[in-house]
Amino acid sequence: MADKYEQVLELAKRRGFLWNSFELYGGTAGFFDYGPLGAMLKRRVENIWRDIFVINEGYYEIEAPTIGIEDIFIASGHVGGFSDPLTECQKCHEDFRADHLVKDIIENPDTLSSEELTDIIGKNNVRCPECGGKLGNVYEFNLMFKTAIGPGGKRIGYLRPETAQGMFVDFPRLVKFYRDHLPFGATQIGKAYRNEISPRQGVIRLREFTQAEAEIFIDPRDKTHPKFKEVADLAMNLYSQNGQVSGETTKMSLGDAVKNGIIAHEFLAYCLAMTYQFLVRVGVSPEKLRFRQHMKDEMAHYAADCWDAEILSDRFGWVEVVGIADRTDFDLKAHAKQSEKELSVYVSYDTPRKVQKFVVKPDMGVLGPMFKGKAGKVANALKALRPEELSGDVIEVTVDGEKIKIDKKSVKFETVTEEIHGENIIPHVIEPSFGIDRITYSLLEHSYFEEETKEKADDEEEENEGKRIVLRLPPEVAPVQAAVLPLLSRDELRKPGNEIVGKLRKAGILVAFDDSGTIGRRYRRNDEIGTPYSITVDYRTLEDDTVTIRDRDTMKQVRAPVSDIEKNVYDLIYRGKSFDDAGKGI
RNA sequence: GCACCGAUGGUCUAGUGGCUAUGACUUUAGCCUUCCAAGCUAAUAACUCGGGUUCAAAUCCCGAUCGGUGCACCA
């Protein structure tokens, strides 16, 4: 029996959701095309993400290049850290992590170069742990695609392995755009690239994939969220660090999770809520969704807390689709160091603070002529002294190893009170990072149903069992939103059908017109691609200007007027209008 | 990357050295047809790619590609 992945992918290929890329030339692992329906579906998923993060939270979207220069990825750690030193056994051709093999011999093997690792393996006669064979030279396998910028190959570029760096690199501009106020956020939806060693699992692990990421910069001293109250009662499946030790998932409200210290703070919890609402809205089943906290040893050393949204898939088990991390100031600090620019925000205090400050004022009128070229250094040495060191009649400082005595008359000092209005702080970054392809696949799988239908053969008593494949996509994400079907393929029914198509299109609804074959077949075809509503034109339409609307999930029909059909259908799709209110039951 | 298994119209499939490569479903055109894939007529459409063995290869051998599984890697 085919498993669900196989069924979903078969349907996805056949009906134009997902295709293997480059199939004409035999295909290449790790790449997928979105067909006509898939591309529309994915776009709708992205637009719901925009609705939540950009429109409702105000985290504006930016668009940075998919190619990045080397500095960016040196700062981010991808040049050094996104690769593994591998060594291959010459006998059994098994690959091993070279740093893992020598970790009993050497203290910090991950700091060594490939050459050094090769050397150590040779000197200590490290053999293949599988067959005892000789190991080959150590080589670095970096998961980034490398390219050259401009002719000559002098400037190295990399295809970005994540969209996040774009927001970090634009940080100084973003601070100004948001008028020097925390918190603020920027988002990006776009392609990222990782040259996976061996991509499997179809659309779950791709070499080119789409991420939707938000980088939200917050004040490290205040990780509350103003809208947290709105989501505090939302209960979801939490698989915390303690839960993973005991193997238990707990359904808990976010308010309680923050109160009990399970989720580090409100802001992170609020991101979990947005994630939950997004995933459920696009069609992921809530009962097949959990949030798993990273274990301490799994979390990056700089991260304060990190949760993955995981979706249960029939074949792959729990699949990570979103990562939500408090990355603290790690990324901004790293880019500040690499670029030698200050990446901070000036934050003013509510009330200016008075600070007692000890100030030394050397009398340069005396010291200048006395020390000439050395005077500046002497003055700086004096300024660095503490009050007790200035108490004697003669003050002694050391400049360039030379002890210099200065009369106390040449140095004044006092304690002054200064008003400080604020300070420069490095914001902390909350990063929700979504794998759009995995989410799109997951919602297809969760929407996929095969139903047994009992049909009575015309004259016979016996019941034939048939199969109905239906994609129960939320109407908002369904690629084709309505089908217009003349009951019979006759001109007198086609014509009003086409008029309805025109009205729906003007209202921005993607509509398909289909008059081929029997009506039942056309309903089934639309069920299979998840079209939520089918509008059927029959002979009564010609009499009283009404049509039937069929609900995909229940196969129920109502009768509704043609006059406001576009508003009716629009409300069904976008406004949550209930189907029973769409017309008279039949 | 390694090992094992597999690959025939859009989908499922027959074919195990020898005629024009089976069949079903789908699709298209038409007929029929007043609401849930099944009526009639016709049409379109396939041996993953490259090399070898042979008079002759979809079939046997080698290699590649893709897919599946396990290992490794990855999150």
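Lettering of chains follows the sequences in order, A, B, ..., and the numbering in each one begins at 1.
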Fill in: A/I586: side-chain contact (heavy atoms from CB on, under 4.5 Å) partners, not counting sequence neighbours
A/T548, A/Q557, A/R559
Discussion item. Could you tell me how far apart A/E10 (CD) and B/rC12 (C1') are, to the nearest whole angstrom?
Written reply: 8 Å
Worksheet item: Heavy atoms under 4.0 Å, any strand shown: does A/E528 hit a base, just sugar-phosphate, or nothing?
Response: base
Worksheet item: Hey, do the aromatic rings of A/F278 and A/F434 have their centres closer than 6.0 Å?
Response: yes
Worksheet item: Under 4.0 angstrom, heavy atoms only, what part of the nucleic acid is A/R205 near: base, sugar-phosphate, or nothing?
Response: base
Item to complete: Taking syn as within 90° of 0 and anti otherwise, name the glycosidic form of B/rU16.
Response: syn
Practice prompt. Taking only the side-chain heavy atoms of A/Y5 (C-beta and beyond), determine which of B/rU34, B/rC36, B/rG68 contains the nearest atom.
Written response: B/rG68
Discussion item. Just the rounded figure in Å: distance from C1' of B/rC25 to CZ of A/R524.
Written reply: 15 Å
Worksheet item: Could you give the CG-to-P distance, from A/L24 to B/rU65, as a whole number of Å?
Response: 18 Å
Between N or O atoms, less than 3.5 Å apart, protein on one side and nucleotides 26-33 of chain B on the other: list the pairs.
from	atom 1	to	atom 2	distance (Å)
B/rU26	OP1	A/R521	NH2	3.0
B/rU27	OP1	A/R525	NH1	2.2
B/rU27	OP2	A/R521	NH1	2.9
B/rU33	O4	A/S489	OG	3.4

Item to complete: Please determine, for B/rC74, whether a Watson-Crick or G-U wobble partner exists with both distances under 3.5 Å, and give it or none.
Response: none
Worksheet item: So what does A/E162 hit on the nucleic acid, given a heavy-atom distance under 4.0 Å: a base, only sugar-phosphate, or nothing?
Response: nothing
Discussion item. On the side chain of A/R550, is there an atom forming a donor-acceptor pair with the base of B/rC36 - under 3.5 Å, no angle test?
Written reply: yes
Discussion item. Taking atom types as they are modelled, would you say the side chain of A/E23 forms a donor-acceptor pair with the base of B/rC66 within the 3.5 Å cutoff?
Written reply: no
Discussion item. According to salt bridge (Lys or Arg N to Asp or Glu O under 4.0 Å), who are the partners of A/R490, at least two apart in sequence or on a separate chain?
Written reply: none
Worksheet entry | Separation of B/rU11 P from A/L9 CG (nearest whole Å) | 12 Å
Discussion item. If you take the centroid of each ring, where Trp contributes its six-membered ring, are A/Y441 and A/Y5 closer together than 6.0 Å?
Written reply: yes
Worksheet item: Any chance the side chains of A/Y34 and A/D437 put a donor and an acceptor closer than 3.5 Å?
Response: yes
Discussion item. Strictly by Watson-Crick or wobble contacts shorter than 3.5 Å, is anything paired with B/rC4, and which nucleotide is it?
Written reply: B/rG68
Fill in: Whole angstrom value for the distance that separates P of B/rU11 from NZ of A/K13
8 Å
Worksheet, complete the sentence: Those residues at least two apart in sequence (or on a different chain) that pass side-chain contact (heavy atoms from CB on, under 4.5 Å) with A/S578 are A/D580, A/D581
Worksheet item: A/N237: what forms a side-chain contact (heavy atoms from CB on, under 4.5 Å) with it, not counting sequence neighbours?
Response: A/T249, A/K251, A/R290
Worksheet item: What about A/Y523, does its side chain sit under 3.5 Å from the base of B/rC35 through a donor-acceptor pair?
Response: yes
Fill in: Nucleotide forming a Watson-Crick or wobble pair with B/rC60, both distances under 3.5 Å
B/rG52
Discussion item. If the condition is side-chain contact (heavy atoms from CB on, under 4.5 Å), which residues does A/P486 pass it with, not counting sequence neighbours?
Written reply: A/L493, A/R494, A/F513, A/D515, A/R522
Discussion item. Does the structure show a Watson-Crick or G-U wobble partner for B/rA29, both distances under 3.5 Å? Name it, or say none.
Written reply: B/rU41
Practice prompt. Go ahead and name the base partner of B/rC36; Watson-Crick or wobble counts if both distances stay under 3.5 Å, otherwise write none.
Written response: none
Worksheet item: What is the nucleic acid contact for A/R315, judged by heavy atoms within less than 4.0 Å: base, sugar-phosphate only, or nothing?
Response: sugar-phosphate
Worksheet item: Considering every strand shown, what is the Watson-Crick or G-U wobble mate of B/rG17 when both distances are under 3.5 Å?
Response: none
